[in-house]
Asks: 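Pasting a structure here, questions to come.
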Amino acid sequence: MASTIAQTPAVRKAAAAQQAALDELVAMAAAHAQDAMPGVAQRMAVALLDMTAAGPDPQQAARRIRSGNLLKDNSYAFVHLASTGIELALRKEVARLAPSRDKPATGAPLTLSLVPMEEMDDQLAFASISRPFDIACSERLASLGVRLGMLLGRELVRASHNPFRPEVFLRALQDAWREFEPDTASHELVLALLRTGIVFEFGPLLDALNDRLKPARGERFAKTDDSAATRAAKARRDAAVTEGLKQLFGVAEPALGADLDIPLIANLPQGSGGWRPSAAAGFAVAAPVAGLPAAPAPHAVPGHPAGSHVMAPAGQGVSMAAIPAPLIEMLEKLSAGGVAAGAMPAGTPSQDVFYLPRLKQSLPQGSLSRGDETTLDLLSRIFETVLLDESIPQETRELIAFLQVPVLKAALKDRSFFFEEAHPARRMLDLLSNVGWEQPGGQDDPVYRAMRRGVEKVRDEAQPEAFAAAVADLEASILERESIEAQAIAGPIAQATRQEKQQAATRSAKKAIATRLAGEQVVLLVGTFLEQRWTPVLTLAYVIEDSKPGAIDNATRAMDDLIWSVKPKATQEERKALIARLPGLLTTLNKWLDAVKWQDAERLQFFAELAECHAAIVRAPIELSPERQLELAVEAAQQDAMRRIAQEQAAAREEEADVQKDPAAASLATLVRGMRVEFNGKEGIRKLKLAWVSPLRTLFIFSGAGRKEAFSLPAERLLDAFRTGSIRVLAPEGVVGRVLTQAAGEAAMNDAHHDALHAAG
């Protein structure tokens, strides 16, 4: 039964993730050792050839000289053997730590056997050799053991089972030496070489492994890359809209459907459930929008009987015969007859511009194909949305009104207008409606002139290429305006960025220090120093990290070394390590304190008291055996590591829970530059554009219409606005996509309602 549970897909997936993480750790450790091995081989050769340590035995001296020269001349071979042996030893230890779950455990009974004396001597010898390394890295090893235990779902991995303990590397070096040195009498020489100062430092390696296993955490408002999730959500939304439009268009002309490679849409829903031209003022049949052109007079269709009219004044109810020609051909004939032609005057729109809903209402029912009628209905709805939007300036809406016929022709010729945002005609309509939302600076505004040029070009040429050229011209003008706007707020942005970086650095520094003080038993002297004097140091390190990589690591390591230095040292090896590391530690501390300009007498008093603390630690009596001393040191390090890592995990879970429980934070994360938002406050409703977002998303700059009312808001204020509902993000997509989404949704609802009625009946 247990075997069956162990083989479930969820368990196999978890085991694969654990194994992948362990393999990555092994690769990191093996790469670190390989990079360090040339230096190790060089130091080993120098130590062997140093006759001051050879002793009085001439045979021993001869062996050292011979082995030293062999290693000096063939160091590449030893480096290869040692690097390969270390990687194999690490993989073997990892396999023991996390055995494969695909292999069932054998039921062979355990057998007891005596351990040979040679093996016991070897274990004792290596315990003595490894002890200085274990003591020097006790805290890092303890932290790694706790993190490995969390990875494997255990409380911790004991020091004797840690795959990355120094003993594993030292034994691999011994095995490599025995394979490298053909003289068996010289094999014992390597034991004296496996010491600190010759073997590479394990501290940086263990730090890297610990960092790899730390939970991913960031600032509360840190910048996150949600582009993949955003693209996926947009793809799902577009797919739903496409399916809805397919249902609307249905099966239409095979030729057009072949071009699109999708079924062309049938009529929009008819009757009370379908969409009809709005009765809102300005878009209805009876009255025009204030300031927009009135309905044109009726015109005869060239090539048709004199009594047959394409358009009729509203309310006259002219009876018409069905027109068999496609709508695109009819529009071409109307253009040739002058209905939709004519130059655009400088001030007011042409009276020859007609409205799409009136065009459909002037035609007899059934005179249009299903695809043409749906195209006309959708475009009527799109233009209605734009022309009745009071947030768009009047002069911009007048320009957009001239595009009704050109856009209709473009959509009839290429139905991908409804399915591709990059379609030139659709792109132009979206640009005009979005850019026109900002109040232009007048008739001489460069963007407004580009908008007029584009509309004139499209009206005059009436070709697909005209839309592409107009879009390119308008986009260039928009980029130029955005560049000017960016220069105008460059100063405030630079100041805000510096301020944000300083605030984020201060938060990070305080958080790092608080984590250590909560997870460690720190003496009062050092704890007070870290809170009051090292916080500015660590803040500076975070600020200059970009210009001086490694500053954070250096300042953090100095803080950790200071905390370690004032802990009791129960072994001679620990005390020797303290004495050896003190000069470098004090130098680093003084350099950072000089950088933050702490130069008063309090600094001298701190270092005097610190020296007394270190002296007391070194002079304390030692009454325990070396084995018991190491055991106590490792146990204390494990307890400290467990407290510290538990606090890290709790903080990470708290941050994650805060984000998940706060819908306002999720809404804030969706804000990107260029979005339009609506504020509802004491001054009424204001529609603003998000002009800039700080790198860490803690500050947002908004600008109003006409680039007025530019102001900044911190993330906390925006969060409160989202919580109270005083801010609303306007639809980020273009007007075409917004209308098509609504139409597709209504079609889906109508289909569902129809299916429900059919099932009930």
Asks: Evaluate the side-chain proximity of L193 to V40: yes if any heavy-atom separation is below 4.5 Å, no if none is.
Replies: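 V40 vs L193: side chains apart.
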Asks: In terms of relative ring orientation, are F606 and F529 parallel, tilted or perpendicular, with 30° and 60° separating the classes?
Replies: parallel
Asks: Hey, mind stepping through L194 and L173 against side chain to side chain contact (heavy atoms under 4.5 Å, CB included) and telling me if it holds?
Replies: CA-CA 8 Å; L194 301 179; L173 288 175; 4.0 Å; yes
Asks: Please assess F202 against R165 for the test side chain to side chain contact (heavy atoms under 4.5 Å, CB included), listing each intermediate value before the final yes or no.
Replies: CA-CA 9 Å; F202 290 95; R165 63 190 185 275; over 6 Å; no
Asks: Taking 4.0 angstrom as the limit, do R147 and D211 come out as a salt bridge?
Replies: no
Asks: Within 45 degrees of the ring normal and closer than 6.0 Å to the centroid, is that where the cationic atom of R533 sits relative to W592?
Replies: no
Asks: According to side chain to side chain donor-acceptor pair (under 3.5 Å), does anything in residues 195-206 pair up with another residue at least two apart or in another chain? List the pairs.
Replies: none
Asks: Would you indicate whether the side-chain heavy atoms of L213 and L151 approach each other to under 4.5 Å?
Replies: yes
Asks: Name each donor-acceptor pair under 3.5 Å that joins a side chain in residues 69-77 to protein atoms two or more places apart or in another chain, with its distance.
Replies:
| unit_1 | atom_1 | unit_2 | atom_2 | d |
| --- | --- | --- | --- | --- |
| N69 | ND2 | I65 | O | 3.1 |
| N74 | ND2 | L70 | O | 3.1 |

Asks: With D560, which of R581, K567, R140, R516 fulfils salt bridge (charged side-chain N to carboxylate O under 4.0 Å, His left out)?
Replies: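 When R581, K567, R140, R516 are each tested with D560, the salt bridge (charged side-chain N to carboxylate O under 4.0 Å, His left out) holds only for R516.
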Asks: With a cut-off of 3.5 Å and sequence neighbours excluded, list every side-chain donor-acceptor pair involving residues 535-543.
Replies:
| unit_1 | atom_1 | unit_2 | atom_2 | d |
| --- | --- | --- | --- | --- |
| T535 | OG1 | L530 | O | 3.3 |
| T535 | OG1 | E531 | O | 3.0 |
| T539 | OG1 | T535 | O | 2.8 |

Asks: Answer yes or no: is there a side-chain heavy-atom contact under 4.5 Å between L152 and L22?
Replies: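 L152 reaches L22 side chain to side chain.
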Asks: So which heavy atom on F169 is nearest to which on F164, and how close?
Replies: CE1-O, 3.6 Å
Asks: Check the side chains of R63 and Q60 for a donor-acceptor pair under 3.5 angstrom, ignoring hydrogens and angles.
Replies: yes
Asks: Report all side-chain donor-acceptor pairs from residues 184-191 shorter than 3.5 Å, counting only partners two or more places apart or in another chain.
Replies:
| unit_1 | atom_1 | unit_2 | atom_2 | d |
| --- | --- | --- | --- | --- |
| S186 | OG | D183 | OD2 | 3.3 |
| H187 | NE2 | R178 | O | 3.3 |
| H187 | NE2 | E181 | O | 2.9 |

Asks: With sequence neighbours excluded, tell me which residues meet side chain to side chain contact (heavy atoms under 4.5 Å, CB included) with T528.
Replies: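 Side chain to side chain contact (heavy atoms under 4.5 Å, CB included) check on T528 returns L524, Q532.
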Asks: Not counting sequence neighbours, which residues clear salt bridge (Lys or Arg N to Asp or Glu O under 4.0 Å) with R557? List them please.
Replies: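 If we apply the salt bridge (Lys or Arg N to Asp or Glu O under 4.0 Å) test to R557, skipping adjacent residues, the hits are D207, D553.
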Asks: Between R575 and V618, is there a donor-acceptor pair closer than 3.5 Å when you use the side chain of the first and the backbone of the second?
Replies: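 Looks like yes, one N/O pair under 3.5 Å.
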Asks: Does either side chain, that of N162 or that of E93, offer a donor lying less than 3.5 Å from an acceptor on the other one?
Replies: no
Asks: Tell me, yes or no, whether the heavy-atom count around E545 atom CD, taken from other residues, nucleotides or ligands under 6.0 Å, exceeds 12.
Replies: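 Counting neighbours around CD of E545, more than 12 heavy atoms of other residues, nucleotides or ligands fall under 6.0 Å, so yes.
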